[in-house]
Amino acid sequence: MTAIFNPTGPAVAPVPRPAPPQATTPAPAPAGAVGPVLELPGDAALVPVNRDGRPVGVFVAAGGRVRYRRVVEPDQLVAAATGAFAVAALTAAVAVWSRRRPPSVGTVTMGPGGWVSLRGVPAPRMRPDDRPWWARLLRARRLVVDR
């Protein structure tokens, strides 16, 4: 361990400074408290109403009338939007589920000569396709030589 030599002597201890004063926070307003009157330009004034430290409304005095306006809480907006979305999703699901499906076979009618006509059904192939799978994949046709 090495000792360090200080020619000026021991270090001077710093002078303690008093701590700056802390800003005091006001105590929460009692339940159902009415805030200070806020004067507006003209003859209007606002008086906020708090419950449990949260704003719940405001009294508006203007034009010789006093009216109470309720404050909309964000929690109520989220709950209303969630409920509306759930109702819309349920309505869409019921509409899709209860949709009337067309019958698998359309109208069956008897044609002239005893032919049966089925509407809404694709026509059958005229002849079977006896080509190998690779010919069907390539859409190849048989080469017929005329003599």
Side-chain angles (χ1 to χ4, degrees), residues 1-2 4 11-147:
M1 190 169 209
T2 316
I4 299 175
V12 179
V15 177
R17 294 186 179 156
Q22 297 271 334
T24 58
T25 58
V34 176
V37 176
L38 304 171
E39 296 290 332
L40 296 177
D43 63 342
L46 297 177
V47 180
V49 179
N50 298 320
R51 181 181 301 145
D52 297 330
R54 295 177 66 182
V56 293
V58 65
F59 285 106
V60 179
R65 294 179 60 187
V66 176
R67 289 176 280 173
Y68 179 76
R69 298 290 182 197
R70 197 174 67 121
V71 174
V72 179
E73 295 183 15
D75 297 340
Q76 291 176 345
L77 291 176
V78 170
T82 304
F85 178 75
V87 168
L90 182 63
T91 303
V94 167
V96 168
W97 180 73
S98 65
R99 181 184 79 199
R100 182 169 183 230
R101 290 171 182 81
S104 59
V105 176
T107 308
V108 178
T109 57
M110 186 68 79
W115 290 95
V116 177
S117 173
L118 300 174
R119 292 190 182 185
V121 178
R125 291 182 168 219
M126 296 302 289
R127 55 187 158 170
D129 193 2
D130 294 332
R131 297 179 297 166
W133 66 268
W134 55 267
R136 277 182 266 152
L137 180 70
L138 296 174
R139 297 181 181 168
R141 296 285 173 197
R142 190 172 300 213
L143 180 61
V144 179
V145 180
D146 290 331
R147 289 191 192 214

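Residues: numbered from 1 along the sequence shown.
Shown here are the side-chain contact (heavy atoms from CB on, under 4.5 Å) partners of L46, two or more places apart in sequence or in another chain: L38, L40, V58, V60. Qualifying salt bridge (charged side-chain N to carboxylate O under 4.0 Å, His left out) partners for R131, counting only residues two or more places apart in sequence or in other chains: D129. For P41, there are no side-chain contact (heavy atoms from CB on, under 4.5 Å) partners two or more places apart in sequence or in a different chain. Legend: residues meeting salt bridge (charged side-chain N to carboxylate O under 4.0 Å, His left out) with R54, ordered by chain and number and at least two apart, are E73. Under the side-chain contact (heavy atoms from CB on, under 4.5 Å) criterion, R139 pairs with no residue at all, not counting sequence neighbours.
V87 approaches T91 most closely through the heavy-atom pair O-OG1, 2.8 Å. Residues A61 and V66 share a closest heavy-atom pair of CB-CG2, 4.1 Å. Pairing each heavy atom of P36 with each of P48, the nearest pair is O-CD, 3.3 Å. When all heavy atoms are compared, the tightest approach of V37 to A45 is CG1-CB, 4.0 Å.
Applying the ring-ring contact (aromatic ring centres under 6.0 Å, His included) test to every pair with at least one member in residues 60-91, sequence neighbours left out, gives these pairs: F59-Y68.
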